[in-house]
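Worksheet: one structure, shown below.
Hydrogens, waters and symmetry mates play no part in the numbers below; they use all other heavy atoms, side chains included.
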Amino acid sequence: MDLLANLNPAQRLAVTSTEGPVMVMAGAGSGKTKVLTTRISYIIKELGIIPSKILAVTFTNKAAKEMKDRISSMLDINTSFMWVSTFHSFCARVLRMEIEAMPPYTKRFVIIDEEDSLKLVKDILKECELEYKPKEIKHLISKNKNFKNFSIKDPRLLDVFLLVNKKYEDRCKEENLLDFDDLIIKTIELFEKNPKILEYYQNQFEYILVDEFQDTNALQYDLMAMLAKKHKNLFVVGDDFQSIYSFRGAKIENINKFQEDYKDYKLILLEENYRSTTQILNLANNIIIKNPNQIKKVMFSNKKEGPLPKYYRAMSSYDETVFVINKILEGIRKGKDYKDFAIMYRANSISRSFEDQLVKNKIPYTIYGGLSFFARAEIKDMTAYLRLLVHKDDDYSFKRVINMPKRKIGAKILDSLNMIASEKGLPLYDAIEYYTGSGIGASNLKEFKKVLDDIREKMEDLPLPLILKELVDKTGYEEEIKKDEDTYLDRMDNIKEFSSVLKETEEEYEGITHFEMLENLLFDLSLRSEHDDSKSDESVRLTTFHQAKGLEFDTVFMVAMEESIFPGLNVESNQDMEEERRICYVGITRAKNELYLTNAENRMRFGTTEYMVPSRFIGEMDKELYQNVSRGAKTKSPVNQGYSIAKAKFTVKKEEPKEAPSVSYSIGDKINHKAFGDGLVVAVSGTTITVAFKAPFGVKQLNGNHPSIRKI
DNA sequence: CGCACTAGACTTTTT
DNA sequence: GTCTAGTGCG
């Protein structure tokens, strides 16, 4: 099969420009994943490079998995061993092999998630009798790791930070723990301190590919730059319009940095959109050009025509949900599936009113958010049990489960256990043997060890799911969670789900011992999130704009488009506002065929009903690009009014009075310019038209009456 | 140690 | 308004 057969010229160029630094600006729906996977396949098949010499990093497990799946179907090879992974699991994999070059860490290190890490901070604050908010300090610790120019002004806070930060590091070293940030940092540190190791990996990775480049932070950039230093075959794909994670340290500036660091880089723009209708793209282009600082490209639709996006301003948030649900039911009647619909919002709190209404109408829905599967308490408990089963010296896991279920093992017993452990140089688990106290706690302690020892003994004879079952039964875990009737069934469901993960693991790793299977599985379990997408197969999706990135739906509802929600209240700078606008762009570009923008005049917030002003983003959109279907819309348009709420620090440019241009243009028109070639009209204001030209010209504001322009 | 009450949050969070 | 985490008392 010809790999390049189904690619457009720009995509083909991106696939075949294998040597040297390349940056691809890939707009929404432009076939970015296709380019990435085809490029990898091309390097393997056409250049004859062995797969393990290629490194591809993404941000989500889902993206990594999708890439692997696509490559394996393109080339019919086993991709499970390939270096296609998230930044974090790439680092975990390297560290697993190399971390012992940085004692006292050992290759059995445990990756702790946000919750564990926060708990560690809490413990430290308590120990030091400091009355600070754990979340705040945790945030500082993380910021210090991720932001290079990090500083704290308040000297008291600085002292606290320095102390807690030090203790945090010490504790991590003591207990062999790495948090998410550490994975990246320690890998960089490893490479900096051990040039030989770095050199090994530089040689290893002849070709490096980075997905979602606009979301990389300074450290991730450095890490990739380090690795690419030898071969310089660094290929980055991103979309500056979809940079919406700056609060997580993502640096849109990395795009400029790349251009400066690799002067001979090749820039490729993917501007053809295969996802959305012209009408939806027009709206998307129309909103994103309001960001003055990042006009680089505009998406050209390749697809069919569709209905105009619709705007509905409801009387109340209830009314808004009814509108949305009715549109969904209407669509279903026309033959659409539940999974064709997505309700998107800026903040999770908006989902509730929609959930209620969906339940009432018996519409199946899935909502992502809250805890990911592997972050749930019962899953983390089971994971800790399994860890303790394979590694008796995992004191961290020991402490997690020793009183789960409750075994009446209090501080006293734990203290003396600690004593014994440090005296004899044993892990806490083995110290139980030498514990001599009596009482209910003491006998529970012995029982705890006996149960685990028993299970460990017959581990190789039991299928993995049965090992889990034994744990749930024999430790008394199920009985414990039964006490809370409300959550019992949910939790057992989750454990069953986990059981099927174990089953999959067993099938995946045939031919090794159960012990080794568990060891492999447990290693980076904390880096996994939702493992299963099948639930959402037949349901309406409720999601934040952030979580929707990378997804597409036939019909999208962007709801609660109200000032103070979207854009939110905490928008302080122009940069922040531009990011909000990009979020809006991401939302719009999720839609393939139909798009609804809705908001409500009255919404319950913080206990009271508030009057809500329509989002400025609605006002910024040219009116002919959407249809206002609000009640009474014809007589009085509620949009395009000025914004006067006190909190709004930004004023939208007042529309200049429109004079009729002698040649009239409308958005979506294709024009030709003598100097810039063919372009697409993305906005019209009086005689001034805003036109997007193909690279390298970009978006320009022009006088529509100028003789060098003609309609085509 | 466990439950009941209260204070605080109420933006996004790929790992 | 409503959920959660944390505390304080029995």
I'd like to know if Lys360(A) pairs up with Asp356(A) as an ion pair, taking the criterion as any Lys NZ or Arg NE/NH1/NH2 lying under 4.0 Å from an Asp or Glu carboxylate oxygen. no
Just by distance, no angles: are the side chains of Asp179(A) and Ser117(A) close enough, under 3.5 Å, to form a donor-acceptor pair? no
Please list all pairs passing the salt bridge (charged side-chain N to carboxylate O under 4.0 Å, His left out) test where one or both residues lie in residues 208-222 of chain A, with sequence neighbours left out. Lys32(A)-Asp211(A), Lys32(A)-Glu212(A), Lys148(A)-Asp222(A), Glu212(A)-Lys549(A), Asp215(A)-Lys549(A)
Output one letter per nucleotide in nucleotides 5-12 of chain B: B when a protein non-hydrogen atom lies under 4.0 Å from the base, S when only the sugar-phosphate is that close, - when neither is. ----SBBB
Check the distance between dT13(B)'s C1' and Gln242(A)'s CD and give it to me in whole angstrom. 17 Å
Is it true that Lys119(A) and Asp123(A) have a side-chain N and a carboxylate O under 4.0 angstrom from each other? yes
Using a cut-off of 4.0 Å on non-hydrogen atoms, how would the nucleic acid contact of Asp215(A) be classed: base, sugar-phosphate, or nothing? base
Mind checking what makes salt bridge (Lys or Arg N to Asp or Glu O under 4.0 Å) contact with Lys122(A), not counting sequence neighbours? none
I'd like to compare against my own output: the B/S/- annotation of nucleotides 4-10 of chain C with a strict under-4.0 Å heavy-atom distance to protein. --S----
Spacing between Arg407(A) atom CZ and dC1(B) atom C1', to the nearest angstrom: 17 Å
Between Glu212(A) and Asn403(A), which has a closest nucleotide on DNA chain B that is more 5'? Asn403(A)
Please give, in whole Å, the distance from dT14(B) P to Ile184(A) CD1? 15 Å
Between Arg352(A) and Glu355(A) (salt bridge meaning N to carboxylate O under 4.0 Å), is one present in this structure? no
For dC3(C), take OP1 and OP2 only and decide whether either is under 4.0 Å from a side-chain N or O of Arg352(A). yes
Rounded to whole angstroms, how far apart are CG on Asn146(A) and C1' on dT15(B)? 11 Å
Glu378(A): partners by salt bridge (Lys or Arg N to Asp or Glu O under 4.0 Å), with sequence neighbours left out: Arg491(A)
Atom CG of Asn217(A) and atom P of dT13(B): how far apart are they, to the nearest Å? 18 Å
Separation of atom CZ in Phe59(A) from atom P in dT14(B), rounded to whole Å: 12 Å
Between Lys65(A) (NZ) and dT14(B) (C1'), how many Å, whole number? 17 Å
Do the side-chain N or O atoms of Asn61(A) get closer than 4.0 angstrom to the phosphate oxygens (OP1, OP2) of dT15(B)? yes
Interatomic distance, Lys145(A) NZ vs dT15(B) P [rounded to whole Å]: 18 Å
Holding to side chain to side chain donor-acceptor pair (under 3.5 Å), I want the full list of residues that pass it with Thr598(A), two or more places apart in sequence or in another chain. Glu320(A)
Looking at the angle O4'-C1'-N9-C4 for a purine or O4'-C1'-N1-C2 for a pyrimidine, is dT12(B) syn or anti, with syn meaning within 90° of 0? anti
Could you tell me whether Arg407(A) and Glu447(A) have a side-chain N and a carboxylate O separated by less than 4.0 Å? no
